[in-house]
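Following: one structure in structure tokens, then a few remarks.
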Amino acid sequence: MADNTAPSARHFIHDLVEADNAAGRWGVWPDSGRPRVHTRFPPEPNGYLHIGHAKSICLNYGLAEQYGGRFNLRFDDTNPVAEEEEYVQSIIRDVRWLGARWPGMYDDRARPAAPDEAIKAGVLFGSDYFGQMYDWAVELIKKGRAYVCDLSGDQVSEYRGTLTKPGRNSPWRERGVDESLDLFERMRRGEFPDGSRTLRAKIDMAHPNLNLRDPVMYRILHQSHHRTADAWCVYPMYDWAHGLEDSIEGITHSICTLEFENHRPLYDWFIDAINEGRTDDGSGPWGRKVHHPQQIEFARLELSYTVMSKRRLLELVRDGLVRGWDDPRMPTLSGLRRRGYTPEAIRAFAADVGVARFNGVIDIVRLENALREHLNRIAPRRLAVLRPLKLVITNWPESGDGAVDWLDAINNPEDVAAGTRRIPFSRVLFIERDDFHENPPKGYFRLFPGNEVRLRYAYFVRCTGCVKDPATGEVTEVHCTYDPATRGGDAPDGRKVKGTIHWISAAHAIDAEVRLYDHLFARPDPDDLSLSGSAHEPGAVPKNWKDNLNPRSLEVLKNCKIEPSLVDAGMAHDAFDIPNPDRFQFERLGYFAVDSESRSGALVFNRAVSLKDTWAKIARKG
RNA sequence: UGGGGAAUGGUGUAACGGUAGCACGAGUGGCUCUGGACCACUUAGUCUAGGUUCGAAUCCUAGUUCCCCAGCCA
């Protein structure tokens with residue numbers, strides 16, 4: 001993942017890791033002798049990954065890579081109610097696409113026989129540790145640190161107390177060890193209905209941190225699991241399971257987001273409870289001590305003009321407010337990928353925003369800039385006209401030998417190695433509707449009657465007039481004359497033009513559909529329900545975050561004209577069907593990627609991001 | 001009102017008792033066959049009030065504001 005698009009910015013976690021390394025806290029890797037740094041990314045397979053997860057992946061994988069450590073991809077799949085195989089597949093693809101690598105993963109170059117299974121190579125699952133977790137739970141019961149509680153869900157929360165009032169002990173708290181043992185075993189065997197009992201840690205019902213008020217460790221769930229099927233009728237809660245998963249894998253730095261800070265004492269309590277009666281050399285009554293990772297919290301990523309919670313993203317998908325998890329307007333990795341984002345751009349963005357403990361909101365233009373920066377360097381330039389207006393060169397031959405002129409065009413001014421291509425020029429062209437004004441605004445230096453501009457890579461043309469629809473007054477055709485001496489775009493007499501516009505030869509143009517995107521939400525903060533009213537019904541007050549969706553987030557242009565060299569534009573797929581669309585800069589317009597719905601003969605492009613538009617800024621100011 | 005965190009230009013992030021820096025944005029100019037890219041310059045900040053110190057964003061005290069926690073979700 002190390003590349004020059006993601007300079008490693010220093011942050012407080014580097015300091016912590018380096019302090020640990022200097023102190024020899026985690027020992028060394030046997031093979032390299034380097035201090036052990038072992039991180040992980042632990043998603044729950046209950047939704048698609050989004051750009052916020054990318055920050056975490058880059059952080060965790062980046063640390064492992066930087067310190068010569070290891071990185072695990074592990075599913076935290078402890079709640080079968082919400083989890084699905086589809087999510088497992090998408091998450092692995094996204095992590096792989098981003099560039100993270102883990103021990104045992106399938107090599108990119110190999111063509112696996114069964115991609116759906118092969119992609120899981122080296123991927124870990126918390127559910128694989130259910131047996132070990134169960135044994136440790138039994139151990140805690142035996143040590144008098146856990147008990148089976150018969151309280152209902154409502155009663156448990158009632159007994160918990162409130163933020164300011166202490167809770168009360170469960171009447172089952174002092175139940176005998178043998179009885180709890182028996183009950184827990186029968187819970188596991190499925191003798192009791194869902195919700196009838198739980199296994200709870202015996203800590204302190206008056207603890208000021210609510211997480212320590214005898215938290216539930218196991219609940220009864222007669223629910224088939226995507227991996228363990230019907231093997232279990234009890235499933236561990238996150239707080240119990242998560243730290244153990246990290247412990248089992250030897251994770252040194254368990255990096256998570258700020259809201260889990262309150263859980264750290266519990267995470268530590270569980271490991272300490274297991275280690276009670278254990279020793280480093282295994283001589284204690286309970287054997288050898290288990291590994292105790294260090295949890296470190298950082299601020300999750302928030303972005304303006306979008307939402308970043310899985311619950312809300314799922315709601316957008318389920319309500320049909322977007323076209324699916326990979327809708328190019330979504331902040332999901334699959335959406336960004338379809339939109340045209342590159343892993344490099346996302347990594348550079350993650351490095352750019354940094355890692356800290358302050359919960360702020362990143363301006364989404366930072367993400368867009370990261371993409372521009374990468375695509376500016378690598379995207380081949382092409383000519384495309386989104387809103388075509390016919391331009392006739394009245395002094396150009398209509399037919400015969402000189403009717404078509406093939407001109408050299410530079411593929412990428414940022415990369416000379418990209419070379420050149422030839423584009424056809426002829427009498428009738430299409431230009432961008434925006435590039436002609438019969439009565440130009442102040443400061444406008446494109447085409448208007450009497451003005452001379454350069455047609456990119458072609459000729460200087462001077463506007464001689466236009467044709468309008470008598471009924472509507474709409475301009476239907478612009479007329480120009482060209483200067484033969486300016487072929488290639490330079491005037492031998494040294495005269496200059498202010499404007500250069502793009503064009504497509506009408507006779508050679510390919511039709512394409514282009515989808516333009518704007519921010520998913522009309523306001524920087526979708527939760528902002530104040531102010532001037534709903535984006536959908538001006539004047540109406542938005543009632544919830546969904547009323548702040550941007551009604552203009554998608555604009556479909558069906559009559560676009562693109563240069564003939566784009567006929568073969570498409571997308572590649574790697575061995576695991578992760579798509580990699582061709583991406584181009586359509587000159588003066590922005591960066592565009594081939595959409596997954598694009599077909600030969602019916603090309604569809606997504607605008608990933610526009611070019612910076614200084615003229616729009618000038619025009620706005622008047 | 002209990003507990004846990006956090007406050008540095010418009011935004012985000014550095015500075016680890018010693019010149020408040022960087023990026024993005026914004027503004028100005030240069031350059032340009034993309035009103036792109038690039039280059040230069042400018043703008044603007046330590047939450048408040050005390051204290052310690054030769055010296056405080058940093059240490060201390062008090063306050064203010066914001067975030068998280070009362071799932072058998074993660």
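So you know, we letter chains A, B, ... as the sequences are listed, proteins then strands, and number each from 1. Keep in mind that what you see is a predicted model, and the values were worked out from it rather than measured.
Stacking annotation: W615(A) is stacked on the base of G35(B) (ring centroids less than 5.5 angstrom apart, interplanar angle below 30 degrees).
R387(A) has no carboxylate O lying under 4.0 Å from a charged side-chain N of D434(A), or vice versa, which leaves the two without a salt bridge. Under the 4.0 Å criterion applied to side-chain N and carboxylate O atoms, R421(A) and E563(A) are assigned as salt-bridge partners. The pair K498(A)-E452(A) fails the salt-bridge criterion, with no side-chain N (NZ, NE, NH1 or NH2) lying under 4.0 Å from an Asp/Glu carboxylate O. By the 4.0 Å N-to-carboxylate-O rule, D15(A) lies close enough to R10(A) to be salt-bridged with it. A salt bridge does not link R462(A) with D483(A): every distance from a Lys NZ or Arg NE/NH1/NH2 to an Asp or Glu carboxylate oxygen is 4.0 Å or more. Using a 4.0 Å cut-off between a side-chain N of Lys or Arg and a carboxylate O of Asp or Glu, R588(A) and E432(A) do not qualify as a salt bridge.
Stacking of R175(A) on the aromatic ring of Y147(A) is not recorded, the 6.0 Å distance cut-off and the 45° axial limit not both being met. The side-chain tip of R382(A) does not point at the ring of F586(A) from less than 6.0 angstrom away and within 45° of straight on. Stacking of R381(A) on the aromatic ring of F584(A) is not recorded, the 6.0 Å distance cut-off and the 45° axial limit not both being met. The cationic atom of R454(A) (NZ for Lys, CZ for Arg) does not lie both less than 6.0 Å from the six-membered ring centre of F460(A) and within 45° of the ring axis.
Nucleic acid contact class of L611(A) (heavy atoms, under 4.0 Å, all strands): base. Within the nucleic acid shown, D239(A) has no heavy atom closer than 4.0 Å to any nucleic acid atom. Within 4.0 Å (heavy atoms only), Y457(A) reaches at least one base atom of the nucleic acid. If you check every strand for non-hydrogen atoms under 4.0 Å, Q585(A) touches a base. Looking at heavy-atom distances under 4.0 Å, T614(A) makes contact with sugar-phosphate atoms alone, never a base. Residue-level contact check: V81(A) touches neither bases nor backbone, having no heavy atom under 4.0 Å from any strand. Residue contacts shown for V497(A) are absent, as no nucleic acid heavy atom lies under 4.0 Å away. Contact annotation for G590(A): no contact, since no heavy-atom pair falls under 4.0 Å across all strands. Note on L151(A): a base of the nucleic acid sits closer than 4.0 angstrom, heavy atoms only. At the heavy-atom level, T78(A) lies under 4.0 Å from the strands shown only through sugar-phosphate atoms. Among the atoms of the strands shown, none is found under 4.0 Å from any heavy atom of F460(A). At a threshold of 4.0 angstrom between heavy atoms, the contacts of E587(A) include nucleobase atoms, whether or not backbone atoms are also involved. Looking at heavy-atom distances under 4.0 Å, R381(A) makes contact with a base. Base contact: P413(A) has a heavy atom under 4.0 Å from a base atom.
In this structure, of A74(B), G2(B), A37(B), it is A37(B) that holds the atom nearest to the side chain of K612(A). When the nucleotides G5(B), G36(B), U13(B) are ranked by their closest atom to the side chain of F358(A), U13(B) comes out on top. Of the candidate nucleotides G4(B), C24(B), U1(B), G4(B) has the atom lying nearest to any side-chain atom of N262(A). Closest to the side chain of V365(A), from the set G36(B), G71(B), C24(B), is C24(B). For D352(A), the side-chain atoms get nearest to A23(B) when compared with the rest of A74(B), A23(B), G3(B). Among G36(B), A74(B), A26(B), the nucleotide with an atom closest to any side-chain atom of N376(A) is G36(B). In this structure, the nucleotide among G12(B), A26(B), G5(B) sitting nearest to the side chain of I362(A) is G12(B). With distances taken from any side-chain atom of H263(A) to the nucleotides G3(B), A74(B), G35(B), the minimum falls on A74(B). Nearest to the side-chain atoms of T162(A) among the listed nucleotides A70(B), A23(B), G35(B) stands A70(B). When each of G35(B), G3(B), A74(B) is scored by its nearest atom to the side-chain atoms of N79(A), the top-ranked nucleotide is A74(B).
Whole-Å rounding puts the H14(A) NE2 to A15(B) P distance at 11 Å. At whole-Å resolution of the value, CG in L59(A) and C1' in U13(B) are 14 Å apart. Regarding L303(A), its CG atom lies at a distance of 12 Å from the C1' atom of U11(B), rounded to whole Å. Straight-line distance from the CG atom of N211(A) to the P atom of C69(B): 10 Å, rounded to whole Å. In this structure, Y305(A) places its OH atom 15 Å from C1' of C24(B), rounding to the nearest Å. Atoms CG (D525(A)) and P (C67(B)) sit 11 Å apart, rounded to a whole Å. The nearest whole Å value for the distance from the CD1 atom in I410(A) to the P atom in U32(B) is 15 Å. R372(A) places its CZ atom 8 Å from the P atom of G25(B), with the value rounded to the nearest Å.
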Which dot-bracket string describes RNA chain B (Watson-Crick N1-N3 plus N6-O4 or O6-N4, or G-U N1-O2 and O6-N3, all under 3.5 Å; [ ] crossing; | other strand)?
.((((((..((((....[..)))).(((((.......)))))....(((((..]....))))))))))).....
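The environment of W545(A) atom CH2 is dense: over 12 non-hydrogen atoms of other residues, nucleotides or ligands sit within 6.0 angstrom.
Between L455(A) and A82(A), the residue anchored nearer the 5' end of RNA chain B, judged by the nucleotide with its closest heavy atom, is L455(A).
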Test side chain to side chain contact (heavy atoms under 4.5 Å, CB included) applied to I220(A) and H222(A), step by step:
CA-CA 7 Å; I220(A) 300 171; H222(A) 290 82; 3.6 Å; yes
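Taking side-chain N and O atoms only, R219(A) has a distance below 4.0 Å to OP1 or OP2 of A74(B). Contact annotation: K496(A) side-chain N/O to U32(B) OP1/OP2 distance is not under 4.0 Å. Contact annotation: K617(A) side-chain N/O to G27(B) OP1/OP2 distance is under 4.0 Å. In terms of phosphate contacts, R160(A) brings a side-chain nitrogen or oxygen within less than 4.0 Å of OP1 or OP2 of C72(B). At the phosphate of G36(B), neither OP1 nor OP2 sits under 4.0 Å from any side-chain N or O atom of R588(A).
In the interface, the side chain of E259(A) is not paired with the base of G4(B) through any donor and acceptor atom under 3.5 Å apart. Judged by atom type and distance alone, R264(A) does not reach the base of G4(B) through any side-chain donor-acceptor pair under 3.5 Å. Side chain D15(A) to base C16(B): a donor-acceptor pair is found below 3.5 Å.
U11(B) sits 12 Å from A44(B) when the C1' atoms are compared, rounded to a whole Å. As rounded to the nearest Å, G9(B) and U13(B) have C1' atoms that lie 12 Å from one another. Across the P atoms, C68(B) and U52(B) are found 38 Å apart, a figure rounded to whole Å.
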Sequence-aligned protein contact record of nucleotides 40-48 of chain B, with B where the base is within under 4.0 Å of a protein heavy atom and S where only the sugar-phosphate is:
---------
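None of Q585(A), R583(A), R607(A) except one satisfies the side chain to side chain donor-acceptor pair (under 3.5 Å) rule with Y591(A); the exception is Q585(A).
Annotation: Y482(A) is in aromatic contact with Y459(A) [ring centroid separation under 6.0 Å].
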